[in-house]
Amino acid sequence: MSSRVLVINAGSSSLKYSLIDGISGEAAASGLVERIGEPSGQQVHRGPQGEVRTSLEIATHEDALRAVLNAFSSHGPSFDGVVAIGHRVVHGGSRFGDPVLIDDEMVAAVTELVPLAPLHNPANLEGIRVARRLFPQLPQVAVFDTAFHQTLPPEAYTYAVALDWRDDHGVRRYGFHGTSHAFVSAEAARLLGRSSGEVNLIVLHLGNGCSATAVRGGVSVDTSMGMTPLEGLVMGTRSGDLDPAIHAYLVRELGWSLEDVDHALNHSSGLKGLAGQNDFRELDARRAAGDPHAQLAFDIYCYRIKKYVGAYYATLGTVDAIVFTAGVGQNSAPVRSASLTGLERLGINLDADRNLAGALTISTDDSPVAVLVIPTNEEWQIARETLALLHENKPCLLGVAEGG
Ligand code: ADP
């Protein structure tokens with residue numbers, strides 16, 4: 001049987017896709033349709049002919065997915081042999097701790113979770129609806145960003161507020177980036193030559209969004225993002241941790257609406273708020289040129305990471321490795337160095353040359369805690385989990401997939 005999975009990540013105005021082998025991780029094609037609903041849509045398709053860029057008007061997500069299919073038939077590879085579709089879904093609430101096969105009941109359950117992720121879940125659901133219409137013969141699986149963190153113990157996921165906030169209204173920590181944390185944790189264990197169950201890790205996913213996770217024996221036991229992706233580390237445009245009384249202060253003293261505050265904290269805070277820029281490369285170039293705002297933004301960003309490393313070290317008791325991943329984590333030697341310098345008494349010893357060279361292991365040979373740089377691969381993880389679910393349900397599903 002083929003192990004090819006089409007992975008779909010539908011955003012509000014974009015649709016990313018990857019045709020990937022769930023076993024080997026080899027991507028036969030990937031791409032992106034952007035500016036859905038605007039007059040000037042854009043498609044990028046990477047396949048056997050290299051990268052093909054097309055400008056076209058894309059009114060809806062259905063048009064976007066049809067454009068993806070057109071790209072496959074015009075530029076390859078063949079779509080034959082695709083056994084399933086794996087969808088990234090941001091919020092699975094407390095209900096979904098594992099990937100699920102998509103059916104009407106599941107769609108209804110994810111629709112009920114929209115208030116928890118009003119920016120993301122509606123777009124993910126639209127991607128699911130469209131894909132079910134266009135590929136009725138293929139099994140489809142939802143993989144949730146929150147699922148990996150469903151193992152958090154109550155003391156880590158419960159906020160110190162009246163318990164009915166949690167029990168009646170779902171106000172609790174869920175955590176995000178779970179697909180990435182799961183992938184990178186498994187890779188780290190493999191690199192250390194041990195099973196996932198034997199290692200304790202602090203995983204730092206530093207992209208546009210940033211999160212830290214404490215992983216004990218392959219299981220997430222605490223994570224920095226909360227009920228929403230706003231909590232925790234400093235991010236491209238999000239503030240991360242903040243005194244919750246600041247909301248009331250801004251409303252009372254500046255006359256802002258709650259929506260104004262929410263928008264500012266999500267879209268014009270973090271690096272952008274501090275230095276006017278959320279692209280880390282540009283920020284770092286300004287810092288290197290002596291710009292004090294860029295330097296302060298960098299310092300706050302790294303200091304916050306260091307605080308979480310300390311906190312999660314205490315949570316775990318012993319740490320085998322600290323793992324950096326995603327755009328900034330994989331590429332910025334200065335961030336890795338500034339975040340971990342001064343932690344030598346905790347057994348964290350960076351090798352400056354390895355760090356600058358961007359090696360896989362950037363700690364010294366005798367460092368009690370290994371420091372690793374591992375590229376994340378969320379698409380492969382989604383394909384892998386989709387395939388695994390398909391195999392568990394083999395009797396009914398494989399017949400459908402092969403018959404389609
Ligand atoms: P997303 O969360 O959108 O998937 P990525 O993981 O791609 O984000 O990370 C995007 C961030 O990584 C951007 O801030 C970008 O500037 C930063 N980045 C990418 N390459 C580098 C680099 N070579 N050095 C420093 N930062 C980088």
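For this chain, numbers begin at 1 and follow the sequence in order. Start at 1 and go down the list; that is how both ligands and their atoms are numbered.
Atom CD of Glu26 has 12 or fewer heavy atoms from other residues, nucleotides or ligands within 6.0 Å. In this structure, His169 places its NE2 atom where more than 12 heavy-atom neighbours from other residues, nucleotides or ligands lie under 6.0 Å away.
Considering Asn278, Thr325, Asn208, Val335 only, the shortest heavy-atom separation from atom 10 (C) of ligand 1 involves Asn208. Closest heavy-atom approach to atom 15 (C) of ligand 1 within the set Arg281, His177, Met235: this belongs to Arg281. Scanning Asn331, Asn9, Leu283 for the heavy atom closest to atom 24 (N) of ligand 1 points to Asn331.
Regarding atom 5 (P) of ligand 1, its nearest protein heavy-atom neighbour is Gly327 N, 3.7 Å. Atom 17 (C) of ligand 1 has as its closest protein heavy atom Val328 CG2, 3.8 Å. Of the protein's non-hydrogen atoms, the one nearest atom 14 (O) of ligand 1 is Phe280 N, 3.1 Å.
Atoms of ligand 1 lying under 4.0 Å from at least one heavy atom of Gly209, given by number and element, are 2 (O). The Ala326 neighbourhood of ligand 1 comprises atoms 6 (O), with distances under 4.0 Å to a heavy atom of that residue.
The shortest heavy-atom contact between Val234 and Gly270 is CG1-CA, 4.0 Å.
Taking a 4.0 Å cut-off on heavy atoms, Gly236 fails to register as neighbouring ligand 1. Note on ligand 1: Asp284 sits outside its first shell, no heavy atom being nearer than 4.0 Å.
At distances below 3.5 Å, not a single donor-acceptor pair connects side-chain atoms of Ser2 with backbone N or O atoms of Val82. At distances below 3.5 Å, not a single donor-acceptor pair connects side-chain atoms of Asp351 with backbone N or O atoms of Ser363.
Residues passing the side chain to side chain contact (heavy atoms under 4.5 Å, CB included) test with Arg166, sequence neighbours excluded: Tyr157, Thr158, Leu163, Arg172.
Here salt bridge (charged side-chain N to carboxylate O under 4.0 Å, His left out) pairs that include residues 258-279, with residues two or more places apart or in two chains, are Asp279-Arg281.
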